[in-house]
Chemist: 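Sharing a structure with you now.
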Amino acid sequence: MLTLRLPDGSTREVAPGTRPRDVAESIGKRLAQAAVAAKVNNVVLDLDRELPSDGNGDIAFQILTDRDAEALAVLRHSCAHVMASAVMRLFPGAQLAFGPALENGFYYDIESPTPIREDDFPRIEEEMKKIVKAAEPFERFERPTAEARALCQDMSQHYKVEHIDDDLKQYPSISFYRVGNFIDMCRGPHLPHAGRIGAFKVLSIAGAYWKNDQNRKQLQRLYGTAFFSQKDLDAYINQLEEAKKRDHRLLGKQLKLFTISQLAGSGLILWMPKGATIRGILESFIKDELMKRGYEPVYSPHIGRLELYRTSGHFPYYRDAQYPPMYHHPAGSALDLAQHRLAAGVLNEKKELDMAQFMQLTQFAVPGYAEAKTQDDKLEAVHRYVANVLQAMNVEMPDYPKATDATSRAQALLGWLKDQEGYLLKPMNCPHHIQIYKAEPRSYRNLPVRLAEFGTVYRYEQTGELSGMTRVRGFTQDDAHLFVTPEQIEQEVGANIDLVLFVLSSLGLNDYRVRVGLRDPGANKYVGSAEDWDKAEQTLVKLVSSRGMNYTAEKGEAAFYGPKIDFVVRDCIGREWQLGTVQLDYNLPKRFELEYVGADNKTHRPVMIHRAPFGSMERFMGILIEHFAGAFPLWLAPEQARVATISEKFTDYGKKVEGELKSAGFRVSGDYRPEKINYKKREALMEKVPYLLVVGEKEQTNGTVAATDRVAGDLGVMSVAELCKHLEAEVRERRIRQVSTGSAGLTDTGAKYAE
RNA sequence: GCUGCUGUAGCUCAGGGGUAGAGCACUUCAUUGGUAAUGAAGAGGUCCUGGGUUCAAUUCCCAGCAGCAGCUCCA
């Protein structure tokens with residue numbers, strides 16, 4: 001017999017092979033009707049799956065009903081099947097890939113001979129309704145792997161076959177689910193029957209690569225969502241619409257915080273006066289904090305010698321994500337690109353694809369390159385191109401003709417390029433800060449050295465990535481680099497984690513998650529020794545866990561020079577963005593041969609910490625706009641109060657009040673137009689001005705103002721001095737009165753961490 | 001970069017093979033008011049750009065650019 005432990009603590013004995021449905025029925029008829037799935041030892045199962053027979057000890061058992069979040073995921077996964085089934089009926093020959101449930105819905109990746117379009121959504125939904133109405137059961141069956149493969153083959157589901165061959169071969173058997181005449185290879189679990197889907201909607205369609213691999217075929221990803229009731233669906237749609245109103249791109253325009261001009265360049269933020277005011281306050285805020293914490297300010301230029309970035313590794317490594325390098329010599333750019341290609345040598349298929357894309361991006365058109373069959377022929381084409389350029393542009397490069405293979409040709413080109421004046425818009429501040437570190441001899445006595453700068457960097461992000469203020473091509477990091485002894489690492493990284501936490505909590509940003517980015521052992525894109533990496537990764541994990549922080553360690557999320565701790569928040573539509581970051585780096589100190597003199601009078605190598613509590617001013621601002629829904633707290637509000645006159649007769653008094661507040665240091669404006677007070681108040685509220693100060697006959701006579709708080713409403717009449725006291729306290733405390741939830745109350749990943 | 005959608009006044013959007021439309025904002029005039037829109041008049045457009053089809057293109061077709069959603073990428 002098995003012993004089931006129910007959520008209320010009671011236990012129940014059942015025979016092996018009992019199904020959750022039986023248990024539910026034995027508990028009560030209504031529970032059995034409400035049952036969606038079961039949770040057995042923390043695994044969600046179908047109601048008709050037999051309970052495991054090898055139970056040693058109690059089995060934690062729970063019937064999931066429509067009230068459980070996990071049941072909603074089951075519903076959505078089932079709805080993905082229903083949608084796929086509908087698509088199969090309407091689009092003959094469609095191939096199915098993956099169709100999982102998501103946090104707020106589901107998708108199915110599909111390849112159809114006739115592409116699915118948005119116009120098709122209504123008839124897909126119609127077909128889905130029929131399937132839901134038929135309320136046929138989801139039936140699970142298993143087949144030995146070979147048989148399962150044959151079944152998929154019979155159904156002409158090539159992606160399923162490929163998936164078995166790639167990843168599922170190792171399992172003895174594979175499960176399928178049937179609903180109506182639709183069969184899909186699937187792990188489950190599913191609803192008892194399709195009729196349990198109360199409400200659904202097909203939302204959008206977009207491209208997605210098979211197995212999320214850029215080098216594989218692109219499929220159509222059809223998104224939808226589903227709920228147990230129409231009411232829940234309506235509420236969700238409504239919530240989405242509300243969230244969209246907080247979009248920083250919309251509010252940024254409405255509130256005149258920033259703009260992006262096509263003429264000035266996409267991805268390049270133009271800060272308007274109001275946005276710039278907020279940014280300036282944030283910058284002073286963090287600057288004051290840094291001075292207290294032993295940082296020293298530095299400044300560095302917007303461009304740097306290419307050689308600097310060759311040394312750091314940024315220039316070759318992020319080549320295709322940078323604005324093109326600037327060479328004085330007219331042949332510089334062409335030869336630079338040729339060098340890049342020759343140095344890459346013989347490429348595999350994937351690398352060649354990347355390279356072709358990059359060459360297209362840079363308009364590096366080499367005659368005969370595309371037509372060349374072999375990699376060696378491609379390299380020859382580049383070589384002929386170089387020879388032509390050298391001749392046509394009269395470039396003296398004696399080493400080049402002597403070179404006979406791609407590597408030595410690349411070498412010869414590099415030798416020439418290194419002698420050229422060449423600059424790069426700086427993609428990172430660290431190499432500059434490193435030069436400042438190196439400008440004087442350093443002793444262990446004055447480490448850590450902490451160099452801070454609001455450094456503006458430029459990265460040529462792919463067009464599809466650009467998004468408002470959150471993903472841009474020019475941005476300012478609240479950057480600093482710490483040069484420390486190995487013994488100081490824990491202390492300094494720890495202090496920086498605390499700094500990030502302080503900054504986030506000062507702004508009421510509590511809805512974020514912490515990600516420890518580790519290297520992906522399988523990838524070869526990292527620099528430095530395995531020992532250094534292990535050491536660095538262990539340190540970071542130790543620090544976050546010792547603080548009791550809730551974090552996820554993610555492989556492949558490290559920077560190329562070291563692991564990092566990222567603070568990730570969500571925007572109003574649920575997308576994740578990295579804000580603050582603390583990164584540990586053993587590699588750049590080696591590349592730049594950094595040193596300090598230790599107590600033993602010998603030279604040692606410092607370790608670097610890269611960190612930015614805001615991340616970038618642009619992204620932080622974007623997230624902040626959404627966080628406050630444009631209504632910034634008083635200490636940040638670009639316009640803190642507005643004087644509004646009842647009629648033009650009180651203009652002089654209004655201006656007097658405005659002047660007094662301004663000399664008290666507040667950001668105040670006055671609305672003296674001949675409009676009614678209703679009109680002026682509405683406008684002030686729409687512009688999210690925290691305080692409205694109404695002045696009329698009574699106020700003029702008594703030397704007062706009638707203050708209205710945007711959030712709390714009428715504050716009554718008070719003197720200007722009283723008002724100043726009130727405002728001053730609110731600013732000093734950096735009081736936050738109103739925030740919006742991080743992502744429209746859309747549930748988060750569960751990795752949330754709030755101090 | 002890829003897939004799909006979109007591009008009309010400062011903003012939000014309607015329209016449609018043959019003189020371009022609304023609301024808000026803006027300007028002017030009247031109104032001098034007590035806490036979420038006073039009334040009237042006026043001004044404002046290379047219908048994203050470049051090609052093509054057509055007697056005629058803002059409208060249809062193609063390409064480019066930009067924006068949006070998703071995927072990939074993100075030092």
Side-chain angles (χ1 to χ4, degrees), chain A residues 107 109 115-119 203-223 244 247 249-250 253-254 256 259-263 265-267 309 312-315 317-318 320-322 353-354 356-358 360-361 426-431 457 459-468 470-472 477 479 517 525 527 557-562 564 566 573 575 577-578 581 583 585 588 610 612 619 644-651 673-686 692-699 706-708 710 713-714:
Chain A
Y107 68 77
D109 284 347
I116 302 166
R117 292 155 39 86
E118 244 175 84
D119 306 347
L203 292 172
S204 64
I205 189 157
Y209 300 103
W210 166 227
K211 297 204 170 181
N212 285 343
D213 182 345
Q214 200 180 163
N215 301 309
R216 297 197 201 223
K217 187 143 188 177
Q218 193 162 33
L219 312 172
Q220 289 190 290
R221 179 167 294 178
L222 198 49
Y223 284 88
K244 278 187 189 157
D247 191 318
R249 292 164 293 194
L250 194 71
K253 195 180 273 181
Q254 277 170 8
K256 301 193 170 96
T259 187
I260 301 170
S261 144
Q262 209 173 310
L263 187 59
S266 55
Y309 294 104
S312 70
H314 291 106
F315 178 53
Y317 189 87
Y318 288 104
D320 52 352
Q322 282 160 359
L353 202 74
D354 288 349
Q357 273 174 11
F358 172 65
Q360 204 177 353
L361 179 78
K426 78 173 166 188
M428 285 284 274
N429 300 305
C430 33
V457 297
R459 299 175 186 176
Y460 196 82
E461 304 288 0
Q462 302 184 87
T463 51
E465 304 307 337
L466 298 176
S467 178
T470 45
R471 193 79 185 265
V472 293
Q477 299 172 313
D479 209 357
K525 60 176 188 174
V527 298
E557 290 294 322
F560 77 98
Y561 50 70
K564 55 182 185 158
D566 291 330
I573 50 175
R575 286 184 294 207
W577 302 98
Q578 171 197 318
T581 182
Q583 311 178 353
D585 177 10
L588 286 182
H610 308 239
R619 180 175 290 178
T645 46
I646 292 291
S647 86
E648 280 181 305
K649 287 187 285 192
F650 312 109
T651 303
R673 294 174 300 175
E675 294 290 351
K676 289 167 84 163
I677 195 65
N678 288 337
Y679 183 87
K680 295 183 185 184
K681 179 175 186 179
R682 179 170 192 272
E683 205 154 89
L685 287 170
M686 305 277 276
L692 182 70
L693 311 171
V694 176
V695 296
E697 182 84 50
K698 283 177 289 187
E699 290 76 17
T708 303
R710 204 191 67 88
D714 189 9

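Since we're looking at a predicted model, the values are computed, not measured. Each chain gets a letter, A, B and so on, in the order its sequence line appears, and its residues count up from 1.
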Chemist: Does the structure show a Watson-Crick or G-U wobble partner for B:C60, both distances under 3.5 Å? Name it, or say none.
Modeler: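 Pairing partner: B:G52.
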Chemist: Under 4.0 Å between a side-chain nitrogen and a carboxylate oxygen: does that hold for A:D247 and A:R249?
Modeler: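 A salt bridge is present here (some side-chain N lies under 4.0 Å from a carboxylate O).
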Chemist: Please list each protein N or O that sits under 3.5 Å from an N or O in nucleotides 45-51 of chain B, with the distance.
Modeler:
none

Chemist: Could you write out each protein N or O paired with an N or O of nucleotides 8-12 of chain B at a distance under 3.5 Å?
Modeler:
none

Chemist: When rounded to the nearest Å, what value does the distance between P atoms of B:G45 and B:G21 take?
Modeler: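 Rounded to whole Å, the distance is 14 Å.
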Chemist: Could you check whether the side chain of A:E648 and the base of B:U32 have a donor-acceptor pair of N or O atoms closer than 3.5 Å, going by distance alone?
Modeler: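 Check passes, donor-acceptor contact within cut-off.
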Chemist: Expressed in angstrom and rounded to an integer, what is the separation of A:L219 atom CG from B:G4 atom P?
Modeler: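 Rounded to whole Å, this separation is 13 Å.
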Chemist: Below the 4.0 Å mark, does B:A69 have OP1 or OP2 next to a side-chain nitrogen or oxygen of A:R249?
Modeler: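 For B:A69, OP1 or OP2 has a side-chain N or O of A:R249 closer than 4.0 Å.
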Chemist: Name the residue closer to the 5' end of RNA chain B, choosing between A:E118 and A:G468 according to the nucleotide with the nearest heavy atom.
Modeler: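 In this pair, the answer is A:E118.
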Chemist: For A:D566 and A:T581, which heavy atoms make the closest approach, and how far apart are they?
Modeler: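 Looks like OD1-OG1, 2.7 Å.
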Chemist: Tell me the partner of B:G23, counting only Watson-Crick (N1-N3 plus N6-O4 or O6-N4) or G-U wobble (N1-O2 and O6-N3) with both under 3.5 Å; none if nothing fits.
Modeler: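 Paired with B:G23, as far as the under-3.5 Å criterion goes, is B:C11.
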Chemist: Is A:R117 atom CZ crowded by more than 12 heavy atoms from other residues, nucleotides or ligands, each under 6.0 Å away?
Modeler: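 For A:R117, atom CZ is not crowded (no more than 12 foreign heavy atoms under 6.0 Å).
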Chemist: Taking syn as a glycosidic torsion within 90° of 0 and anything else as anti, which one is B:U19?
Modeler: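 In terms of base orientation relative to the sugar, B:U19 is syn.
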Chemist: Any side-chain heavy atom of A:T651 sitting closer than 4.5 Å to one from A:E648?
Modeler: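 Yes. Closest side-chain heavy atoms under 4.5 Å.
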Chemist: How far does the C1' atom of B:U49 sit from the matching atom of B:U12, given to the nearest Å?
Modeler: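 These two C1' atoms come out 24 Å apart once rounded.
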Chemist: Any side-chain heavy atom of A:V694 sitting closer than 4.5 Å to one from A:E699?
Modeler: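 A:V694 does not reach A:E699 side chain to side chain.
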Chemist: Using purine N1 to pyrimidine N3 plus N6-O4 or O6-N4 for Watson-Crick, or N1-O2 and O6-N3 for G-U wobble, both under 3.5 Å, which nucleotide pairs with B:G39?
Modeler: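 Its partner is B:C29 (Watson-Crick or G-U wobble, both distances under 3.5 Å).
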Chemist: Who does B:C68 pair with, Watson-Crick or G-U, both distances under 3.5 Å?
Modeler: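 For B:C68, the partner nucleotide comes out as B:G4, under the 3.5 Å rule.
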Chemist: Expressed as a whole number of Å, how far does the P atom of B:U59 sit from that of B:U53?
Modeler: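 Rounded to whole Å, the distance is 14 Å.
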Chemist: Counting any heavy atom closer than 4.0 Å, what does A:L466 reach on the DNA or RNA strands: base, sugar-phosphate only, or nothing?
Modeler: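 Sugar-phosphate, backbone atoms only, no base.
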Chemist: Find the distance A:I573:CD1 to B:C68:P and express it as a whole number of Å.
Modeler: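 Taking CD1 of A:I573 and P of B:C68, I get 10 Å after rounding.
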Chemist: Give a yes/no answer on whether the side chain of A:T463 brings an N or O atom under 4.0 Å of OP1 or OP2 in B:G1.
Modeler: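 For B:G1, OP1 or OP2 has a side-chain N or O of A:T463 closer than 4.0 Å.
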Chemist: Could you tell me how far apart A:Y107 (OH) and B:G70 (P) are, to the nearest whole angstrom?
Modeler: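 Rounding to the nearest Å, OH of A:Y107 and P of B:G70 are 13 Å apart.
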Chemist: Can you tell which of A:H610, A:E557, A:Q578 makes a side chain to side chain donor-acceptor pair (under 3.5 Å) with A:K564?
Modeler: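 Output: one option passes, namely A:Q578.
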Chemist: Roughly how far apart, to the nearest Å, are B:A14 and B:A63 at atom C1'?
Modeler: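 Each nucleotide's C1' atom is 28 Å from the other's.
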Chemist: Output one line per pair: protein atom, nucleotide atom from nucleotides 71-75 of chain B, and distance, for all N/O pairs under 3.5 Å.
Modeler:
| unit_1 | atom_1 | unit_2 | atom_2 | d |
| --- | --- | --- | --- | --- |
| B:C71 | O4' | A:G207 | O | 3.2 |
| B:C71 | O3' | A:N212 | OD1 | 3.4 |
| B:C71 | O2' | A:Y209 | N | 3.2 |
| B:U72 | OP1 | A:N212 | OD1 | 3.4 |
| B:U72 | OP1 | A:N212 | ND2 | 3.2 |
| B:U72 | O2' | A:Q214 | NE2 | 2.3 |
| B:U72 | O2 | A:Q462 | NE2 | 3.4 |
| B:U72 | N3 | A:E465 | OE2 | 2.2 |
| B:U72 | O4 | A:E465 | OE1 | 2.5 |
| B:U72 | O4 | A:E465 | OE2 | 2.6 |
| B:C73 | O2 | A:R471 | NH2 | 3.0 |
| B:C73 | N3 | A:E465 | OE1 | 3.3 |
| B:C73 | N3 | A:R471 | NH1 | 3.1 |
| B:C74 | OP1 | A:K525 | NZ | 3.4 |
| B:C74 | O2 | A:R471 | NE | 3.4 |
| B:C74 | O2 | A:R471 | NH1 | 3.1 |
| B:C74 | O2 | A:R471 | NH2 | 3.2 |
| B:A75 | O4' | A:Y318 | OH | 3.0 |
| B:A75 | O2' | A:Y561 | OH | 3.4 |
| B:A75 | N6 | A:A321 | O | 3.2 |

Chemist: What interatomic distance, in whole Å, is found between C1' of B:U6 and the corresponding atom of B:U32?
Modeler: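 Their C1' atoms lie roughly 47 Å apart.
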Chemist: What residues, two or more places apart in sequence or in another chain, satisfy side-chain hydrogen bond (donor to acceptor under 3.5 Å, both in side chains) together with A:S312?
Modeler: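 A:H314.
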Chemist: Salt-bridge test for A:E683 and A:R673: reply yes if a basic N is under 4.0 Å from a carboxylate O, no otherwise.
Modeler: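 Salt bridge flag = yes for A:R673 with A:E683.
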Chemist: Is there a side-chain contact between A:P427 and A:Y309 (heavy atoms, below 4.5 Å)?
Modeler: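 SC-SC contact between A:P427 and A:Y309 confirmed.
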Chemist: Mind checking what makes side-chain contact (heavy atoms from CB on, under 4.5 Å) contact with A:V527, not counting sequence neighbours?
Modeler: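 By the side-chain contact (heavy atoms from CB on, under 4.5 Å) rule, A:V527 matches A:F560, A:Y561, A:N587, A:R591.
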Chemist: Classify every nucleotide of nucleotides 34-42 of chain B by which part a protein heavy atom approaches to under 4.0 Å, writing B for the base, S for the sugar-phosphate alone and - for neither, in 5'-to-3' order.
Modeler: BBBBB----
Chemist: Quick one: look up who B:G17 pairs with, Watson-Crick or G-U, both distances under 3.5 Å, and put none if it's unpaired.
Modeler: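 The answer is none; no pair meets the criterion.
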Chemist: For a 4.5 angstrom cut-off between non-hydrogen side-chain atoms, does A:L685 reach A:R710?
Modeler: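 Yes, at least one pair of side-chain atoms sits under 4.5 Å.
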Chemist: Do A:E697 and A:S647 make a side-chain contact, defined as non-hydrogen atoms from C-beta onward lying under 4.5 Å apart?
Modeler: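 A side-chain contact under 4.5 Å is absent here.
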